[in-house]
Structures are given as C-alpha cells and as structure tokens.
Amino acid sequence: PSAAALQKEGKAAYARKEYPKAIELLQKAIAANPKLPEAHFDLGLVLRDSRKYEEAIAEYAKAIQADPFHERVYAERAYALFAIDRDDEAEKDLLKQIEVAPFKEWSYGRLAQLRAEQERYLEAAELFEKALAIDGKDVNHCLEAGWHYARAGRLRNRSGRMKRRAPWA
C-alpha cells in the first residue's frame, strides 16, 4: 500500500481508538514517505492520546518541519506541552498557531487561560473576546471575558457604576 493509504488506515484505527494498530500503520506510512506531514500529525495525535507526550511532541515537530503552516499542529503540540507542564513552550506554540490559523478559537481560549494564570487579566479578557468573536456560541468565553475584565478592574466607569454594555461589544 502507498503511504497515503497507510496513513488513511492509521487515521481510521485512531478513530476507533485502536492505538497500537494506528501507531503501527502510521509508522509504516512515515517509513514509506517521511515527508508526509499528515502522517506525522496523526501519529502525534495517537501518541498524545496514549499519554506518550514526549513522543507526540517529536512527531509534531516533524509535521511542522514538513509543513510549517499546518492548520492545527501548533495547537496540538501546545496541548501536549501543557500536559507535561512545559507552559513556556506551549505559549510560544499558541502564539504561532494564532499566526498560522487566526480563526481557531481554541488557541485564543487556551492562551487566555494561561494569561489568567499569569494574573494578566486584561490580556486574558481580550483573548476570551477574540475566542468569542470566532465562536459566538461558547457561553464560557463570554463569562470568562467578563470575569477577567472585572479582575482587571475594567467593568466600572468613572462614576463607579457597572457598564451597561457587554465587554466584547
């Protein structure tokens, strides 16, 4: 079978949560074509879901090397980096993800959470607003934006009364 066919089979095995089979098939796809970014990306997903974070990060790096403008790879690598408490590296990946694919709300939301942990509440609120602008159905982004605006002291006007408009308006 071709590298693309093996990659497709590996992705199907991953969808069925047959992780050992998915790993085997995706490794065969990569052996057949080491420059196939989707095979590295998919292998990274399988390894991440198998809690093999370091191996997943290495596969994501290979996917980036093959395609530096991949739409999801930086966000997925950030997810793996956060799982092993490598927040500084994850932050860089989230910023790169936003640069490469600016319409992925997850990146803004996760970066906002990180900013909140850093007690950078105004930045957190603004990032939650951006996530909300992309996915207006996620009520949590709305709540988080308001909460972090409040923590930043930005919900009161000069008279001390609450603003009447929504913080993202």
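All figures in this text were calculated on a predicted structure; none of them were measured in a lab.
Taking both residues in full, the closest heavy atoms of Ser107 and Ala75 are given as OG-CB, 4.0 Å, listed atom of the first, atom of the second, then distance.
Using a distance-only test at 3.5 Å, with no hydrogens or angles considered, a donor-acceptor pair links the side chain of Tyr60 to the main chain of Gly44. Using modelled atom types, no side-chain atom of Tyr74 and backbone atom of Phe69 make a donor-acceptor pair closer than 3.5 Å. For His40 (side chain) and Lys35 (main-chain N/O), no donor-acceptor pair under 3.5 Å exists by modelled atom type.
Two residues are said to be in side-chain contact when any heavy atoms from C-beta on lie closer than 4.5 Å; Trp106 and Leu94 meet this criterion.
Distance CD/Glu105 to CZ/Phe128: 10.0 Å, rounded to 0.5 Å. With rounding to the nearest 0.5 Å, the separation of NZ in Lys92 from CG in Asp87 is 12.5 Å. In this structure, the separation between CG on Leu111 and CD1 on Ile98 is 5.0 Å, given to the nearest 0.5 Å. Note that CG of Asp42 and CG of Leu6 are 12.5 Å apart. Values are rounded to the nearest 0.5 Å. Within the model, atoms CD of Gln7 and CG of Asn33 stand 10.5 Å from one another, a figure rounded to the nearest 0.5 Å.
No more than 12 heavy atoms of other residues, nucleotides or ligands shown are found within 6.0 angstrom of OH on Tyr79.
In this structure, Lys52 does not pair ionically with Glu55, as no charged nitrogen and carboxylate oxygen lie closer than 4.0 Å. In summary, Lys21 and Glu24 do not engage in a salt bridge, as defined by a charged side-chain N under 4.0 Å from a carboxylate O.
The only option from Arg86, Lys96, Arg110, Arg115 that meets the side-chain hydrogen bond (donor to acceptor under 3.5 Å, both in side chains) definition with Glu91 turns out to be Arg115. Paired with Gln27 under the rule side-chain contact (heavy atoms from CB on, under 4.5 Å), one option of Ile23, Ile30, Leu25 passes, and it is Ile23.
Contacts of Phe41 classified as ring pair (Phe, Tyr, Trp, His ring centres under 6.0 Å), with partners at least two apart in sequence or in another chain: His70.
Within the structure, salt bridge (charged side-chain N to carboxylate O under 4.0 Å, His left out) contacts touching residues 65-78 (residues at least two apart or in different chains) are Arg48-Glu76, Glu71-Lys104, Arg72-Glu76, Arg77-Asp93.
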